[in-house]
Amino acid sequence: MRHLISPLDFTVEELDRLLDLAGDIESHPEKYAHACAGKKLATLFYEPSTRTRLSHEAAMLNLGGSVLGFSSADSSSAAKGESVADTIRMISCYADICAMRHPKEGAALVACEHSSIPVINAGDGGHQHPTQTLTDLLTIRSLKGRLDHMKIGLCGDLKFGRTVHSLINALVRYPGIEFVLISPEELRLPSYIRHDVLDKNNIPYEEVVRLEDALPELDLLYMTRVQKERFFNEEDYVRMKDFYILDAKKMAHAGPDMLVLHPLPRVNEISVEVDKDPRAAYFKQVQYGVYVRMALILTLLEIEV
Ligand code: NCD
């Protein structure tokens with residue numbers, strides 16, 4: 001049985017197949033409308049979510065399956081002190097596959113060790129968010145036509161942003177990838193990723209503070225929100241939260257084909273005036289997230305259409 005805990009759980013070839021499947025789902029949704037009839041997806045969300053929970057649910061419903069679950073720790077037995085290990089044993093009796101988001105790093109890994117159904121990590125603390133990465137890869141491949149030979153700017157909260165951590169892990173496996181890490185000093189990419197992932201794989205990268213300087217040379221800009229919930233004090237968050245604001249004036253420094261991605265939710269880091277810029281791809285990204293999660297559910301359940 002397979003789980004998705006880290007983006008590296010799939011080889012590059014397996015990822016290619018998954019993205020191809022997502023592409024076929026986009027072109028022929030009717031072919032897949034009953035593929036999961038009789039199957040149930042459980043969504044176990046111990047942390048707030050809009051897109052990730054609802055896109056997993058929409059994906060299962062689009063496949064003709066059903067969904068059950070909870071959307072906050074308070075409304076589950078976690079509030080009574082039940083462990084993740086015990087909860088997943090129960091859920092294995094109720095559903096065929098589950099997606100889990102938890103504030104603790106490693107929670108999904110613990111879950112999969114006690115589960116008899118496939119577990120999808122829908123975000124574990126500041127660690128990883130592999131289904132967002134699948135979404136990002138499908139978006140980039142669909143809109144850019146490739147996943148290699150690109151200069152990618154990652155901007156914002158690179159310290160706590162799990163979407164960035166997962167995306168870096170996935171992208172270093174493609175040739176010709178370079179990163180520009182754009183963050184305030186206090187929100188730099190953790191050294192375990194800089195050293196163990198970037199340096200180990202000989203990936204060229206530079207760290208800069210000013211977004212304007214980086215923009216002209218980027219093929220892609222991945223903006224992120226400052227992760228309020230992971231700060232130890234409100235004061236630091238308030239000081240950092242508006243450090244970057246991408247607006248039309250800054251977009252004028254970027255090339256005509258530079259895509260802007262954002263996992264969402266956006267707070268202030270992209271001004272709404274950028275939404276109408278043809279290079280803004282963050283709402284398209286949301287739609288790709290449904291196709292790729294449909295492909296993921298089919299793959300983990302080993303259902304062939
Ligand atoms: C991201 C997350 O939860 O890490 N959101 C999402 O799933 N699309 C990004 C964020 O919350 O900033």
Side-chain angles (χ1 to χ4, degrees), residues 4-7 22 41 43-59 69-73 98-109 119-140 152-170 181-184 187 189-190 193 220-231 236-237 240-246 259-270 275 280-294 296-297:
L4 178 67
I5 306 302
S6 140
L41 164 81
T43 49
L44 319 179
F45 276 62
Y46 297 84
E47 254 197 354
S49 168
T50 303
R51 268 153 300 273
T52 306
R53 185 171 63 85
L54 296 182
S55 64
H56 276 99
E57 296 192 357
F70 55 83
S71 56
S72 77
C98 78
M100 178 191 205
R101 169 170 287 187
H102 199 284
K104 287 227 173 85
E105 289 77 9
L109 182 66
V119 175
I120 299 170
N121 180 6
D124 61 328
H127 187 218
Q128 299 264 12
H129 193 345
T131 67
Q132 182 64 47
T133 297
L134 298 181
T135 303
D136 301 340
L137 296 180
L138 181 62
T139 308
I140 300 169
I152 299 172
L154 302 166
C155 177
D157 188 347
L158 308 187
K159 178 177 181 186
F160 296 117
R162 56 192 172 196
T163 58
V164 164
H165 303 166
S166 284
L167 186 58
I168 290 177
N169 268 288
L181 307 173
I182 310 155
S183 77
L187 298 179
L189 191 71
I193 302 180
L220 195 122
L221 173 65
Y222 196 90
M223 291 296 293
T224 62
R225 162 183 80 90
V226 176
Q227 305 282 297
K228 181 178 186 196
E229 63 277 34
R230 317 241 181 263
F231 274 72
D236 286 345
Y237 168 69
M240 293 283 115
K241 73 182 173 66
D242 294 329
F243 202 95
Y244 296 109
I245 299 179
L246 181 68
L259 288 185
V260 183
L261 268 64
H262 190 310
L264 304 179
R266 139 182 73 188
V267 189
N268 287 330
E269 60 281 354
I270 302 181
D275 297 358
Y282 32 92
F283 290 116
K284 289 185 196 146
Q285 208 176 339
V286 174
Q287 180 64 64
Y288 286 122
V290 179
Y291 301 137
V292 94
R293 289 179 175 106
M294 290 171 72
L296 176 65
I297 291 170

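First listed ligand is number 1; within each ligand, the first listed atom is number 1.
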Side chain, backbone, both or neither: which applies to Thr224 and ligand 1 if a contact is any heavy-atom pair less than 4.0 Å apart? neither

Just by modelled atom types, is the Gly126 backbone N or O under 3.5 Å from a matching donor or acceptor in the Glu105 side chain? yes

Give the C-alpha distance, both sets of side-chain angles, the deciding distance and a yes or no for salt bridge (charged side-chain N to carboxylate O under 4.0 Å, His left out) between Glu229 and Arg162. CA-CA 13 Å; Glu229 63 277 34; Arg162 56 192 172 196; 5.6 Å; no

Where ligand 1 meets Thr52 - atom numbers and elements under 4.0 angstrom, heavy-atom basis: 6 (C), 7 (O)

Using side chain to side chain contact (heavy atoms under 4.5 Å, CB included) as the criterion, point out the one residue from Pro7, Pro263, Ser55 that pairs with Gln132. Pro263

Backbone N or O of His127 within a donor-acceptor pair of the Asp124 side chain at under 3.5 Å? no

I'd like to check whether Glu229 has a polar contact with ligand 1, where a contact means an N/O of the residue lying under 3.5 Å from an N/O of the ligand. no

From Gln285, Arg162, Glu47, Gln132 - option closest to atom 2 (C) of ligand 1 by heavy atom: Arg162

Under a 3.5 Å distance rule, please check whether Thr224 uses its side chain to pair with a backbone N or O of Cys155 as donor and acceptor. yes

With respect to Pro263, determine whether any N or O atom, backbone or side chain, lies less than 3.5 Å from an N or O atom of ligand 1. yes

Taking 4.0 angstrom as the limit and counting only heavy atoms of Gln227, give me the atoms of ligand 1 inside it, by number and element. 10 (C), 12 (O)

For Gly123, state whether at least one heavy atom is located under 4.0 Å from any atom of ligand 1. no

Looking only at protein heavy atoms, what sits closest to atom 6 (C) of ligand 1 is Leu264 O, 3.4 Å

With no hydrogens and no angle check, just 3.5 Å: does a side-chain donor-acceptor pair link Arg225 and His262? no

Does His129 use its side chain to pair, donor to acceptor, with the backbone of Asn121 at less than 3.5 Å? no

Looking only at non-hydrogen atoms, the one of His127, Arg225, His262 nearest atom 12 (O) of ligand 1 is Arg225

